Structure formats: C-alpha cells, structure tokens
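A note on names: the letters A, B, ... follow the listed sequences, proteins ahead of strands, and every chain is numbered from 1. Just so we're clear, the structure is a prediction, and the values are computed from it rather than from any experiment.
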Amino acid sequence: MPKVTLPGGEIREVASGSPVGELLPEGAICARVGDRLVDRSWPVEEDVSVEPVLASEPDGLHVLRHSTAHVMAQAVCDLYPGARYAIGPPIEDGFYYDFELPKQLTPEDLPAIEARMREIAAAAQPFVREELDRAGALGRFADQPYKREIVETAEADEGAMGERFSVYRNDGWADLCLGPHVPSTDRLAAFKLLSLAGAYWRGDEHRPQLQRIYGTAWATEEDLAAYLHRLEEAERRDHRKLGRQLDLFSFPEELGAGLLVWHPRGGLLRTAIEDFEREIHLASGYVPVFTPHPARSVLWETSGHLAKYRENMYPPMQAEEADYYAKPMNCPFHVLVYKSQTRSYRDLPMRLFELGTIYRHERAGVLHGLLRVRGGTQDDSHIICTEDQLVEEVLRVFDILQRIYLTFGFEDFVINLSTKPGEAIGEESMWRKATEALRLALDRSGLGYSVAEGEGAFYGPKVDFHARDAIGRLWQLGTVQCDYALPERFQMEYMGEDNERHRPVMIHRAILGTIERFTAVLIEHYAGAFPLWLAPEQVRLIPVADRHAEAAGGLAAMLRARGLRAEIDASRETVPKKIRAAQLMKIPYTLVVGDREIEAGTAAVRAREGAEVRGVPFDAFAEAAASGAARRALTGIDLASLVPAAP
RNA sequence: GCUGGCGUGGCGCAGCCUGGUAGCGCAAGCGAUUUGUAAUCGCUAGGUCGUGGGUUCGAAUCCCACCGCCAGCUCCA
C-alpha cells in the first residue's frame, strides 16, 4: 500500500490506485505531487508527498484559467458548428483560445459565448482524463487539423508523455491537453470574456491567421472585480489620452504615422527631463557630442545596418548621386568621433553622450502613442574602453542608471541578460567574451537578473532594465550592450602602453531608452500628476477679482525669478471654475490671491492632492517650492509647517 | 506587414443600419456678473463629415482604394 505524506507531515496509507483527491480538502482544485501538478483523479500508486492546490494560489489560478479556456472553446464549438480549435493556454491574468470559425466574430458575439459557458459551468460536467497513443489521438481529432498537427509534430520525447497523448473530455467535447484541470466545470468561478484579436497559428505570420478570444478568470467575484478595476485604472492613465488632456503632444496625420510634435507643455516636461540627463551625465564623466540625422550609405554598409537592420530603416534619399539614410541608431557616428584622431590608452574610457534623434521605419501595426514612434530621441551613449576596463565600466553604467531611475521615482526593476540572436554579426569568441563581461558585472553588482536566450541585439548581448510603475506594470527602459563587432568593423584602435595598436571594446547604452517612450512611462506612472520638478506648470496663480491681477502677476514674476514655472489665470471667471481648470491640468500648486493675501503677504495654497492651506507666507512657499524643484524631490511641500503658529 | 474595428468643428460624442446637403456638451470669442477653492448666465462664431474614386436625381449615410487611429498577432526602445 503506497504511503502518502501530507503537508502537516502526516503519513497516510491508501489503496493503490485510489484518487489523490480523496486525501485533499474539498476546496483544492488539483494536487501538487512532488513538483508536478496533477488532477484530483490522479491515482496514487507509489509513495509520494502531496499538497492541495487552491484556486486562489498562482498554480491554482493557472489551472482554473486553463479549464475556463477549455469551457470557452467548448461553448464556441457548441455555438458555431464546424469550428476548428487550435490552442488555448492560460496567460497572465487570464487565458485565450484560438479558433478557425465559419464566421467572423464581433464583440457582440461574446455575451452569447459567455452565456453558454455559464450553462456548461452550471451543468457540473466532470473533466475526464484519457490517454491515447498517437494513432488514437489522430483518430480522435480526425476533423481537427490543428490538433492533428500538434500530435503529428510532437517529438517522441516531448514532456514526460512519450508516445502517449492525454485528452481531457467533459460532456461530449474533448481537447488534447497535458492538464491538469479542475475536477468539474462547476469549479469555474468568476470569469469574463474580454476581447477578440487575430493571431497567427503557431505565432508564424506565414501561417493561417486564427480568431483569438481573450478572457479572464479568477477564484472569486471580488478578485475579478479588482482586476477589472485595474484595467480601468490603466485606461485612466493612458498616456495618449493624458497627452491630449494635458496638452503635451500630438500626432498630426500630416506628419505620417509614428511622428509627433511636442506642444509647449510637453516641451517643458521634456526639457526638465533632458536638463537632468545632461547634468548627471556631465557630472559622471560623460562628454557631449552632436551628430547629424542622415548619413551616406557607406557608413551603414560598414556598420552592418544595411545588412542586418534594413527593414527598420527608412528608404534612402538621393542627393548628388549618393544614397543617404536617416539614422536608426547613433553608434556609427560616435565611432567616427572616436576615429577623428589617433587615440591613446590614456584617452580611455571615452564616454560619448548624445540625446540623439533616430528614425526607425517600424511596421505600421506596432506604433503605439509615444511608446513606439518612428522618430525618437535616445539618451544614448557609447563608452569606448579597453577590454580590461569593460566590467568596471558596465558597473558604472548600472550605477548611473539606478540613480537616474530613482530620481524619476522608479524603485523596482526586473533585469534581463539577453544573449546572441539568430541574426548576428561578429565571431563566436566575441559573443562569448561580451556575454561573460555583462554576466560578471551583473554578478558583482548584486542586481538580480534572469537570462533571455537569443534576445540580444545583432551586434552584441545586452542587459535590459524594466521598471515597475505605480500600478505594478513593467516597462522596458534602459539597455546596456557590449560590443566587440563594431570596433572590428570600423577598425577602431588605440595606442597602448606597450606602444602597440590595440582594439578597444564598445558599450552601447541608453538609460531612459527614448525620451518619447520614457515620457509615456512617466505619464502612466504618475497618471499625469507629475512631481513638482517635472510638472510643465508648477504653480498657478488665481486672482480673486480683476483688481488682484496685478499683484498676482507680481507674485508670478517672483516665482519665475526663482526658476519656477508659474502662470497666472487672469480670465474673468469665478474662482471655483479657475480652480477646477487648474486641477484638471494637474498643476501641483494653485495659489488664490485676494485682498487678504495681498494685505498679509501670504498665499492661500491648494496642493494638487489635498485641501487648501490659507495664510502661508508667500516667501516661505516660494522658497520651499524652489528648493523642492531644485532638489528634484518626489514628495510635496509640507504646507502646514510653513504657516506660523498662532500667537 | 496581417486580422478585425473605427475616422463627424480644438476635445468628447449623436446622426449612418432604414440615403433627401449636420446636431449636442465642453473649450473659444463677445456681453452681463467682480466673483474665495472642482463648472455663473446669455449671445456669437466655428464642420468641403479623414482623402480620392464609384453607385444614385441626390451620399456623413451604400461600394472600392488609400491615409490615419484602436485591439491583438508578428517585431521591438
């Protein structure tokens, strides 16, 4: 009789072949045996340790969503005879299933599918696992070409299944699936279908495009409601919407897709970002360079861009019989700066910095507000150093990068080391050395990271930084790439201490990525309510009546003299209306100026978040605001502390 | 690039299905009000209905192409 070890350490003997579910609490939707998830019906045949898996824990949610995906596919097959179903995995926060259907679905079709799903759930159909051999599986899915293809292409050694294929059946509907699943459809709890999309079979754009239905599923209605609220919150933060509301930028159709103009308020925000970047780079040993936007084709031939990156480059323009390409990257230009004279080992490391504007002909479907544009400006740098200096330089990049992110209010990162991709230039030994240098620097920095195989740039491996925003989303920002290839291609050299010529190594790095993309991330992170130092308009002055306009203008001038961005709202509207306008523009501080304030030399200050504080001495406010902005503080002014205690 | 949806004054929307030459709110300008912490009242002006072609006596409305946007796929900062 097999012995089963339960979580408390209790050991139970059970009859061989009895279902593991008998040992689990009713609420467990499946079981964890060792490091494997199994159905409640899984037969115990040897000594094992078993833990229950609840719908509320990550593994359990995964199973729940997988089962919900099955039921959705079952519902679709019920409603659309002739449907062919492909794959339907759980994903973060939900699931999807891909179909080939006799009709094109529209969002109006989703409620009917959802209603059918609820009927199936209410019917409490048990999920029954069967195992078939290859021939049996092909027979079972005779009219399902996608399932047959999965069976036909499955390698004999795939998973632990060998030549066995598991099928889960509930009622008459069956799907090829490794499992596990919930024991019965009545375990499906809170779910909702969300959207439709096209998706290529097996992710290959040369294969048929299927109809994908996305849905979400949770252990409880409360969790589902919380998730839907999160979606709404994300929509509220949408930088495209806020960009219009706050009058930061626009994408005029006349410019072409992915090209934008920055409005004055966006320009002020961008200037605040760029001023900080210049300041911290110059203070950290970087030197500024400036380079043009187009260059002759020979440059791109040498760099390898025409061979490896052409599809992302704008077509060339002709002048004087030569082809000029708009630059998709800044690196070749920085190489030319380096090569403008013979370099000594004493010149290294050389850290060239540029807010460099690049043009990439991104495929039309990927453009997305500021997050993916065709013309953008990178905070780009190329560090040219000796091989010996490489690790130290990468560590210095990690340091400046963290200081910059913290200043902008990002504290939590996910880091990836991306290795050699399929399309690559340079020799294997270069790739190995470059990858090892990055790995060594990461290990020494103490930053946690994971490895993304094959995700590197065509000229070198890279470390990517993803920042977590205020509502937990991750955004890719910085990238640090280690490159032996371009120095080779451009025949870069330096004279060593030994009086011999040597080849330097190059680090490519951007910290914010592009200013456009980073601005989008900032907008979404702060929901448009920027900290004082970034706010396009930091202080708005509201005269109570016309007779106060002159005094308010004087105060605005005093604030500007301290470097603050202050505007006066002299419109002949009521105070509440002007307050509302200032709040909608998410201006950090609004000062109402009337008789009392002019008389006492104070201000009635309303912070963007929080109530008004009257009787703040104007000079104290100006001092605190100027200081907060200059320090690039992320927290607001403690207004109450500025008010003198009543005598 | 692919699949589907969408495009109406600066912004947000109605009208389109069931063709008969456009309407609402906000914003703007003007007037009255001189206002004390999220919308005072009234008046006025503003639209070749994304662009081009087609069907029709007649097109915002139906059809086609292109441009742009949106959701995904593929790609990626």
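Using the Watson-Crick or G-U wobble rule with both distances under 3.5 Å, B:A38 pairs with nothing in any strand shown. Look at B:A71: its Watson-Crick or wobble partner, with both distances under 3.5 angstrom, is B:U3. For B:A77, there is no paired base (Watson-Crick or G-U wobble, both distances below 3.5 Å). Remark: B:A28 base-pairs with B:U44. Criterion, Watson-Crick or G-U wobble with two distances under 3.5 Å. Pairing partner, B:U33: none, since no Watson-Crick or wobble contact has both distances short of 3.5 Å. In this structure B:C62 sits in a base pair with B:G54, meeting the Watson-Crick or G-U test at under 3.5 Å. Using the Watson-Crick or G-U wobble rule with both distances under 3.5 Å, B:U18 pairs with nothing in any strand shown.
A:Leu512 comes within contact range of no nucleotide atom at all, as no heavy-atom separation falls under 4.0 Å. At a threshold of 4.0 angstrom between heavy atoms, the contacts of A:Gln476 are confined to the sugar-phosphate backbone, with no base atom among them. Residue A:Gly258 is in sugar-phosphate contact alone, with no base atom involved, counting any heavy-atom pair closer than 4.0 Å across all strands shown. A:Val544 comes within contact range of at least one nucleobase, with a heavy-atom separation under 4.0 Å. The residue A:Ala364 sits close to a base: some heavy atom pair falls under 4.0 Å. Heavy atoms of A:Ala604 sit under 4.0 angstrom from at least one base atom. Across all strands, A:Glu597 comes closer than 4.0 Å to base atoms (heavy-atom distances). Contact annotation for A:Gly365: base contact, defined as any heavy-atom pair under 4.0 Å involving a base atom. If you check every strand for non-hydrogen atoms under 4.0 Å, A:Thr514 touches a base. Among the heavy atoms of the strands lying under 4.0 Å from A:Arg363 is at least one base atom, whether or not backbone atoms are also near. Counting non-hydrogen atoms under 4.0 angstrom, A:Asp595 reaches a base of the nucleic acid.
For A:Arg360, no side-chain nitrogen or oxygen approaches OP1 or OP2 of B:C75 to under 4.0 Å. Within the 4.0 Å cut-off from OP1 or OP2 of B:A71, at least one side-chain nitrogen or oxygen of A:Arg240 is found. Regarding contacts with the backbone of B:A71, every side-chain N or O of A:Ser195 stays at 4.0 angstrom or more from both OP1 and OP2. When the side-chain nitrogen and oxygen atoms of A:His548 are compared with OP1 and OP2 of B:U35, none of them lie within a distance under 4.0 Å.
When distances run from any side-chain atom of A:Tyr214 to the nucleotides B:C73, B:A77, B:C2, the shortest one goes to B:C73. For A:Thr574, whose side chain is taken as the heavy atoms from C-beta onward, the closest listed nucleotide among B:G1, B:U40, B:G72 is B:U40. Side-chain atoms of A:Gln209 lie closest to B:G72 of the nucleotides B:G72, B:A38, B:G7. Side-chain proximity of A:Tyr200 to the nucleotides B:G36, B:U74, B:U40 is greatest for B:U74. Between B:A38, B:U35, B:A77, one nucleotide has an atom nearer to the side chain of A:Arg517 than all others, and that is B:A77. The A:Arg614 side chain lies nearest to B:U37 when the options are B:A39, B:A77, B:U37. Comparing B:A77, B:U40, B:U74 by their nearest atom to the side chain of A:Lys577 picks out B:U40. Nearest to the side chain of A:Glu253, among B:C67, B:G1, B:U35, sits B:C67. Checked against B:A77, B:G12, B:C75, the side chain of A:Lys462 finds its nearest nucleotide in B:A77. Here the nucleotide nearest the side chain of A:Arg606, chosen from B:U35, B:U37, B:C73, is B:U37.
Partner of A:Phe408 under the ring pair (Phe, Tyr, Trp, His ring centres under 6.0 Å) criterion, chosen from A:Trp475, A:Phe530, A:Tyr526, A:Phe518: A:Phe518.
Ring centroids of A:Tyr459 and A:His508 are separated by less than 6.0 Å, placing the two rings close together. Checked against the 6.0 Å centroid threshold, A:Tyr314 and A:His361 count as a close aromatic pair. Taking the ring centroids of A:Phe413 and A:Tyr405, they lie under the 6.0 Å cut-off.
The list of salt bridge (charged side-chain N to carboxylate O under 4.0 Å, His left out) pairs with a residue in residues 356-372 of chain A, not counting sequence neighbours, reads A:Glu205-A:Arg363, A:Glu362-A:Arg372.
Where A:Gly513 and A:Ala197 each meet RNA chain B at their nearest nucleotide, the meeting point lying more 5' is that of A:Ala197. For the pair A:Arg372 and A:Glu573, both in contact range of RNA chain B, the more 5′-proximal nearest nucleotide belongs to A:Glu573.
Distance A:Arg580 CZ to B:U37 C1': 13 Å, rounded to the nearest Å. Distance A:Ile213 CD1 to B:C73 P: 15 Å, rounded to the nearest Å. For A:Asp204 and B:G1, the CG to C1' distance is 13 Å, given to the nearest whole Å. When rounded to the nearest whole Å, the span between CG of A:Leu584 and C1' of B:G25 equals 15 Å. Here B:G72 presents its C1' atom at 11 Å from CG of A:Asp98, a figure rounded to the nearest Å. Between A:Leu367 atom CG and B:C69 atom P the separation is 6 Å, expressed in whole Å. Atom CE in A:Met313 sits about 16 Å away from atom P in B:A77, given to the nearest Å.
A side-chain N or O of A:Thr377 and one of A:Arg270 form a donor-acceptor pair less than 3.5 Å apart. Between the side chains of A:Thr291 and A:Lys327, at least one donor N or O lies within less than 3.5 Å of an accepting N or O.
Spacing of P atoms, B:C16 relative to B:A39, comes out at 35 Å, to the nearest Å. Between B:G12 and B:C6, the two C1' atoms lie 15 Å apart (nearest whole Å). Taking the P atoms as reference points, B:G42 lies 13 Å from B:A27, given to the whole Å. Taking the C1' atoms as reference points, B:U8 lies 15 Å from B:G25, given to the whole Å. B:U48 and B:C64 have their P atoms separated by 26 Å, given to the nearest Å. The same atom, P, is picked in B:G4 and in B:G47; the two are 36 Å apart, to the nearest Å. Rounded to whole Å, the separation between the C1' atoms of B:G7 and B:U61 comes to 14 Å. B:A28 and B:A45 have their C1' atoms separated by 9 Å, given to the nearest Å.
Judged by distance alone with a 3.5 Å cut-off, a donor-acceptor contact links the side chain of A:Glu362 to the base of B:A77.
Using a distance-only test at 3.5 Å, with no hydrogens or angles considered, a donor-acceptor pair links the side chain of A:Gln402 to the main chain of A:Phe398.
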For salt bridge (Lys or Arg N to Asp or Glu O under 4.0 Å), just list the numbers for A:Lys192 and A:Glu114, CA-CA rounded to whole Å, side-chain angles, deciding distance to a tenth of an Å, and then say yes or no. CA-CA 7 Å; A:Lys192 183 175 169 60; A:Glu114 210 174 288; 5.0 Å; no

A:Tyr80 and A:Phe99: ring-ring contact (aromatic ring centres under 6.0 Å, His included), yes or no, with the steps? CA-CA 11 Å; A:Tyr80 304 98; A:Phe99 303 94; 8.8 Å; no

